[in-house]
Amino acid sequence: MAFRDTRSKIIIKTPEQIEGIFRSSQLAAKTLKAVEPFVKPGVTTEFLNKICADFMRDHGAKAATLGYHGYPKESCISVNDVICHGIPGPYELRDGDIVNIDVTTILDGYFGDTSKMFEVGQTTEHAKRLIAVTKECLNIGIQQVFSGNQVGNIGFHINQHAVKNGYSTVYEFCGHGVGIRFHEEPEISHIADKNTGPVLAPGMIFTIEPMINAGKARAKVDKKDGWTARTIDGKLSAQFEHTICVTKGKPYVLTDIDNEFEVPAEIF
Ligand code: MF3
Ligand code: CO
Ligand code: CO
């Protein structure tokens with residue numbers, strides 16, 4: 001009986017590569033900080049995209065999304081029932097909207113990928129709770145990032161937390177290895193079986209980016225633009241994303257600029 005070598009295609013980054021991916025990841029996170037003050041009622045998502053695009057360019061980076069499989073913009077901006085891959089455009093934000101902005105930078109050839117939720121004006125308690133639980137789901141996933149653990153345990157714990165709170169986890173879009181290319185191995189499902197998938201080892205870098213729905217889990221992609229993924233029932237969806245490096249100890253959250261996570265002393 002033969003076992004599949006599930007690790008073979010996962011890139012173990014060198015210390016030099018980790019440093020480069022860290023710098024790109026920090027810039028991606030700073031881009032979200034830079035756009036934050038502009039997220040207000042009346043502003044178009046196209047304008048928010050321009051703020052992100054200018055910030056990345058002015059700091060020496062390229063936006064990885066622009067031209068990626070034909071994607072037309074420098075960010076993804078997903079409002080309310082849009083799960084992910086919302087294309088910035090003429091839509092004007094309204095009081096009560098919830099918005100995910102997702103940016104991926106290429107700095108000195110290295111990729112950093114992060115997204116977070118923004119609230120426009122006064123949002124409902126229901127929306128606030130969905131956002132809070134989605135952030136908890138990401139943090140619970142991050143706690144599973146340690147050497148020797150299996151990838152599946154990330155999604156197992158994320159989905160368990162979502163379901164416990166009456167929500168559902170999107171299964172059509174996943175986290176992914178990142179750093180040297182935009183989307184690398186492994187795929188990080190946010191709903192997985194316990195103790196399944198590749199074994200984590202120091203130097204692996206990937207995103208965790210749970211999309212949590214208030215209603216049904218299913219996504220449908222807009223037939224006209226080929227990108228915008230919406231919930232099938234029109235209910236709200238939220239998402240947070242970090243880029244994370246596996247170390248011999250605690251997870252190293254490369255896109256953390258709010259010092260929410262400890263920085264491990266050593267990686268290998
Ligand atoms: N940044 C997204 C992710 O987290 C990917 C966007 S791909 C695009 O993986 F083409 F839609 F931009
Ligand atoms: Co990603
Ligand atoms: Co992203």
Side-chain angles (χ1 to χ4, degrees), residues 10-11 21-22 24-35 45-46 48-50 52-53 55-56 61-79 82-89 99-107 110-118 134-135 137-138 141-142 145 151 154-155 158 169-191 204-212 219-230 237-245 251 253-257:
I10 304 175
I11 304 169
I21 297 162
F22 170 74
S24 188
S25 295
Q26 291 281 301
L27 183 61
K30 283 179 194 156
T31 306
L32 297 182
K33 273 261 182 286
V35 73
T45 55
E46 173 58 51
L48 298 177
N49 179 69
K50 188 179 181 332
C52 293
F55 189 89
M56 288 187 262
K62 284 203 322 197
T65 57
L66 185 64
Y68 183 75
H69 292 279
Y71 186 80
K73 298 285 174 176
E74 291 87 347
S75 65
C76 296
I77 304 188
S78 303
V79 182
V82 178
I83 296 168
C84 63
H85 304 163
I87 303 175
V99 186
N100 174 277
I101 305 182
D102 188 338
V103 291
T104 308
T105 43
I106 313 174
L107 183 66
Y110 297 113
F111 291 72
D113 190 3
T114 186
S115 85
K116 61 182 275 192
M117 296 302 295
F118 300 87
T134 304
K135 190 166 181 180
C137 283
L138 172 56
I142 289 171
V145 179
V151 159
I154 297 170
I158 287 172
T169 307
V170 173
Y171 51 85
E172 283 126 315
F173 302 97
C174 297
H176 49 91
V178 69
I180 308 300
R181 296 188 302 276
F182 196 167
H183 292 108
E184 304 172 2
E185 294 289 305
E187 188 167 88
I188 310 291
S189 168
H190 305 107
I191 166 168
M204 292 181 179
I205 295 180
F206 50 80
T207 72
I208 304 178
E209 46 183 297
M211 288 141 275
I212 305 299
K220 60 167 193 290
V221 174
D222 189 298
K223 283 211 178 67
K224 276 186 238 131
D225 69 27
W227 286 102
T228 312
R230 291 190 182 81
S237 183
Q239 179 178 28
F240 285 85
E241 173 175 30
H242 272 312
T243 294
I244 304 133
C245 180
V253 183
L254 304 179
T255 41
D256 175 27
I257 49 165

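Numbering of ligands and ligand atoms starts at 1, following listing order. Everything numeric here is computed off the predicted structure, so don't read it as measured data.
The Thr65 neighbourhood of ligand 1 comprises atoms 12 (F), with distances under 4.0 Å to a heavy atom of that residue. Counting atoms of ligand 1 from 1 in the listed order, those under 4.0 Å from a heavy atom of Thr104 are 1 (N). Near Trp227, with a cut-off below 4.0 Å to any heavy atom, the atoms of ligand 1 are 8 (C), 10 (F), 11 (F). Taking every non-hydrogen atom of Tyr71 and a distance limit under 4.0 Å, the qualifying atoms of ligand 1 come out as 8 (C), 10 (F), 11 (F), 12 (F). Close contacts of ligand 1 with Cys76, meaning ligand atoms under 4.0 Å from a residue heavy atom, involve 6 (C), 11 (F), 12 (F).
The Co ion (ligand 2) does not have His183 among its coordinating residues (no N/O/S atom, backbone or side chain, under 2.8 Å).
Geometrically, ligand 1 and Asp102 share a nitrogen or oxygen pair separated by less than 3.5 Å. Looking at His183 next to ligand 1, an N or O pair under 3.5 Å apart turns up. Looking at Tyr68 next to ligand 1, no N or O pair under 3.5 Å apart turns up. The shortest N/O to N/O separation between Glu209 and ligand 1 falls below 3.5 Å.
The backbone N or O of Cys52 sits nowhere less than 3.5 Å from a side-chain atom of Thr31 that would complete a donor-acceptor pair. A side-chain donor-acceptor contact under 3.5 Å links Thr114 to the backbone of Glu241.
With a 4.5 Å cut-off on side-chain heavy atoms, Phe182 and Ile106 do not count as touching.
Around the CD atom of Glu187, the shell of radius 6.0 Å holds no more than 12 heavy atoms that belong to other residues, nucleotides or ligands.
Between His69 and ligand 1 there is no heavy-atom distance shorter than 4.0 Å. The closest approach between any non-hydrogen atom of Thr207 and ligand 1 is not below 4.0 Å. Every heavy atom of Phe173 sits 4.0 Å or more from the atoms of ligand 1. The shell of residues lying under 4.0 angstrom from ligand 1, judged by heavy atoms, includes His176.
The nearest protein atom to atom 5 (C) of ligand 1, hydrogens excluded, is given as Phe182 CZ, 3.7 Å; this is a heavy-atom distance.
Nearest approach of Thr45 to Ile87, heavy atoms of both residues: OG1-O, 4.5 Å.
Here Asp102 contributes OD1 and Asp113 contributes OD1, and at the Co ion (ligand 3) these two atoms make an angle of 100°, given to 10°.
Under the side chain to side chain contact (heavy atoms under 4.5 Å, CB included) test applied with Ile77, the options Asn100, Val99, Asp102, Val103 reduce to a single match, Val99. Shown are Glu209, Glu185, Arg181, Glu184; of these, the side chain to side chain donor-acceptor pair (under 3.5 Å) with His176 is made only by Glu209.
In terms of distance to the Co ion (ligand 3), the nearest N, O or S atom of Glu241 is named OE1.
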- Message: For a side-chain contact (heavy atoms from CB on, under 4.5 Å) check, start with the C-alpha distance between Lys62 and Glu74, then their side-chain angles and the critical distance, and finish with the verdict.
- Response: CA-CA 8 Å; Lys62 284 203 322 197; Glu74 291 87 347; over 6 Å; no
